Amino acid sequence: MSNAVIKIDQPTILKMKSYYSSDLGSKLPPGAVFTAKSNGCTITAYKSGKVLFQGNLAAEEAEKWSKPEQKTTKKPSKPLTVFSPPANISTLSIIGSDEVGTGDFFGPITVVAAYVKKEQIPLLQELGVKDSKHLNDRQITAIAKDLLSIIPYSLLVLHNEKYNQLQSTGMSQGKMKAILHNQAINKLYDKIAPEIPEGVLIDQFAEPSIYFKHLSGNSYRKENTFFSTKAEGIHLAVAAASILARYAFLKEMDRLSEKAGMILPKGAGAKVDEAAAAIIIKKGEDILKNLTKFHFANTDKAKKLAAKKKR
């Protein structure tokens, strides 16, 4: 299990508590302000200002809240770029991007960039477009099928084989996501050219400085690029991207379930361990590299469960 620790001020801790409000735990360790479980990670914030992240995605989750060290000895030679969305962003024609599958043991990461013009916003509202976390799989499938013929989008799927190959070279999941988001956005820019959106809104998984650092050596745009957590609630372009990414993920899970010979569960909990153990017993450990994010702790848990069942 990976760990990450950051030091932040109390206002940010309260902001974090509000962000994780639906995932809060009831039992608090001594000196803790809150504890929560989100995205396959346990987060514990303390009155001292320290926040502990535990889990496979600890580093990525910590990146959402850590701030780059401020240098006070030199003044910047250029004005700092502002990456916070403008107050009127919900009324603009925007490219939104989001990803699905980062915390799931089985299945790939799917990333979608979607372009929603301001004139299309009322139509998307009528179709029921909103944060995919508040929609069930049946609703997502129905809305996604409508969106496919209404809005321009770009979909990228990072299959498990490629994910595991990149991870084995030392690439973090955060860097993979940054590259995928950037590629999807660039492809969509090409698709809608010569039209230019009024901005790009990325569902934030890292500080902007870290995001752009991940893209070193790649072509990317900074101007009118904005970041926000829970961006699905800020502009329907991100909500639409979230739905399309989820729809693609569900289709991939169906394909992998057929390959595994059983319905694969989502997430990274105990049911996932049981399913992976059954697959190991039936088809061997190597197939997991084609079905899972192999570095997750679920792999070792599944191996131990399989060994017990073989006795």
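Please read all numbers here as calculations on a predicted model, not as lab measurements.
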S.K.: Listing request: all side chain to side chain donor-acceptor pair (under 3.5 Å) pairs with a residue in residues 263-277, at least two apart in sequence or in separate chains.
M.R.: D137-K266, D273-N298, E274-K309
S.K.: Is there side-chain contact between Y247 and S132, with at least one heavy-atom pair below 4.5 Å?
M.R.: no
S.K.: Can you name the nearest heavy-atom pair linking A240 to L124, along with the distance?
M.R.: CB-CD2, 4.2 Å
S.K.: In the structure I gave you, are the side-chain heavy atoms of I95 and I192 within less than 4.5 Å of one another anywhere?
M.R.: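 I95 vs I192: side chains touch.
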S.K.: Side chains of L158 and M176: closer than 4.5 Å at any heavy-atom pair?
M.R.: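 Yes, their side chains come closer than 4.5 Å.
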S.K.: Tell me, yes or no, whether the heavy-atom count around K7 atom NZ, taken from other residues, nucleotides or ligands under 6.0 Å, exceeds 12.
M.R.: yes
S.K.: Surrounding CD of Q139 (heavy atoms of other residues, nucleotides or ligands, distance under 6.0 Å), is the total greater than 12?
M.R.: yes
S.K.: In Å, rounded to the nearest 0.5 Å, how long is the span from CD of Q173 to CG of L180?
M.R.: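 Between Q173 CD and L180 CG, I get 10.0 Å after rounding to 0.5 Å.
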S.K.: Under the salt bridge (Lys or Arg N to Asp or Glu O under 4.0 Å) rule, collect the residues that match up with D146, sequence neighbours excluded.
M.R.: none
S.K.: May I have all residue pairs that pass salt bridge (charged side-chain N to carboxylate O under 4.0 Å, His left out) and include part of residues 121-136, sequence neighbours excluded?
M.R.: D131-K133, K133-E232
S.K.: Evaluate F106 against L256 for side chain to side chain contact (heavy atoms under 4.5 Å, CB included), listing each step before the verdict.
M.R.: CA-CA 8 Å; F106 289 110; L256 293 176; 5.8 Å; no
S.K.: Apply ring pair (Phe, Tyr, Trp, His ring centres under 6.0 Å) to F227 and list each qualifying residue two or more places apart in sequence or on a separate chain.
M.R.: F83, Y211, F212
S.K.: Answer yes or no: is there an ion pair linking E60 with K177, defined by an N-O contact shorter than 4.0 Å?
M.R.: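 Not counted as a salt bridge, because no side-chain N and carboxylate O are separated by less than 4.0 Å.
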S.K.: Look up atom CD1 in I179 and atom CG in L166, then write down how far apart they are to the nearest 0.5 Å.
M.R.: 7.5 Å
S.K.: Taking atom NZ of K187 as the centre, report whether more than 12 heavy atoms of other residues, nucleotides or ligands fall under 6.0 Å from it.
M.R.: no
S.K.: For residues W65 and I8, report the shortest heavy-atom separation together with the two atoms involved.
M.R.: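 Minimum heavy-atom separation between W65 and I8: O-CG2, 4.1 Å.
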S.K.: For the pair Q120 (side chain) and I150 (backbone), establish whether a donor and an acceptor sit closer than 3.5 Å, ignoring hydrogens and angles.
M.R.: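 Yes, Q120 side chain to I150 backbone: donor-acceptor pair under 3.5 Å.
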S.K.: What is the distance from atom NZ of K15 to atom CG of D9, rounded to the nearest 0.5 Å?
M.R.: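 Between atom NZ of K15 and atom CG of D9 there are 10.0 Å.
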S.K.: For D98 and D203, which heavy atoms make the closest approach, and how far apart are they?
M.R.: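 Closest pair (atom of D98, atom of D203, distance): OD1-OD2, 3.2 Å.
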S.K.: Taking K293 as the fixed residue, which of T299, I109, T102 is the one that meets the side-chain contact (heavy atoms from CB on, under 4.5 Å) rule?
M.R.: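 Output: one option passes, namely I109.
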S.K.: Determine which pairs satisfy ring-ring contact (aromatic ring centres under 6.0 Å, His included) with at least one residue from residues 131-165, sequence neighbours left out, and list them in order.
M.R.: Y163-H295
S.K.: Roughly how far, to the nearest 0.5 Å, is the CG atom of D286 from the CD1 atom of I279?
M.R.: 13.0 Å
S.K.: Over all heavy atoms of both residues, which pair between P265 and M253 is shortest? Give the atoms and the distance, please.
M.R.: O-CE, 3.6 Å
S.K.: Give a yes or no answer on whether the side chain of T110 reaches the backbone of A245 with a donor-acceptor pair at less than 3.5 Å.
M.R.: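 Checking the backbone N and O of A245 against the side chain of T110, a donor-acceptor pair under 3.5 Å is found.
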S.K.: Tell me the closest heavy-atom pair linking A277 and L305, and the distance in Å.
M.R.: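 In terms of heavy atoms, the two residues are closest at CB-CB, 3.7 Å.
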S.K.: Return yes if a side-chain donor-acceptor contact under 3.5 Å exists between D254 and S257, otherwise no.
M.R.: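 Judged by distance alone, the side chains do not pair up.
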S.K.: Residues in salt bridge (Lys or Arg N to Asp or Glu O under 4.0 Å) with E285, at least two apart?
M.R.: K303
S.K.: Counting distance only, does the side-chain N/O of S242 pair as donor-acceptor with the main-chain N or O of V238 below 3.5 Å?
M.R.: no
S.K.: Could you tell me whether the side chain of S228 and the main chain of A231 form a donor-acceptor pair under 3.5 Å?
M.R.: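 Side chain of S228 to backbone of A231, a donor-acceptor pair under 3.5 Å: no, none is there.
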S.K.: Does a sphere of radius 6.0 Å around NZ in K213 hold more than 12 heavy atoms from other residues, nucleotides or ligands, not counting ones at 6.0 Å or beyond?
M.R.: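 Incorrect, the count does not exceed 12.
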S.K.: Between N164 (side chain only) and F294 (backbone N and O only), is there a donor and an acceptor less than 3.5 Å apart?
M.R.: yes
S.K.: Atom CD1 of I89 and atom CD1 of I94: how far apart are they, to the nearest 0.5 Å?
M.R.: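 Going from CD1 on I89 over to CD1 on I94, the span is 4.0 Å.
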S.K.: Run the side chain to side chain contact (heavy atoms under 4.5 Å, CB included) check on I202 and T225 step by step: do they pass?
M.R.: CA-CA 8 Å; I202 299 171; T225 295; 4.0 Å; yes
S.K.: Rounded to the nearest 0.5 Å, how far apart are OG of S154 and CD of Q183?
M.R.: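 Result: 9.0 Å between the selected atoms.
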S.K.: Any chance NZ of K117 has more than 12 other-residue heavy atoms, nucleotides or ligands included, within less than 6.0 Å?
M.R.: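 Not more than 12 within 6.0 Å, no.
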S.K.: S18 and K230: which non-hydrogen atoms are nearest, and at how many Å?
M.R.: O-NZ, 4.3 Å
S.K.: Examine distances only and state if a side-chain atom of Q54 and a backbone atom of T42 form a donor-acceptor pair shorter than 3.5 Å.
M.R.: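 Checked: no pair found.
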S.K.: Could you walk me through whether N186 and N218 pass the side chain to side chain contact (heavy atoms under 4.5 Å, CB included) check?
M.R.: CA-CA 11 Å; N186 285 342; N218 294 275; over 6 Å; no
S.K.: Salt bridge check: are E258 and R255 linked by an N-O gap of less than 4.0 Å?
M.R.: no
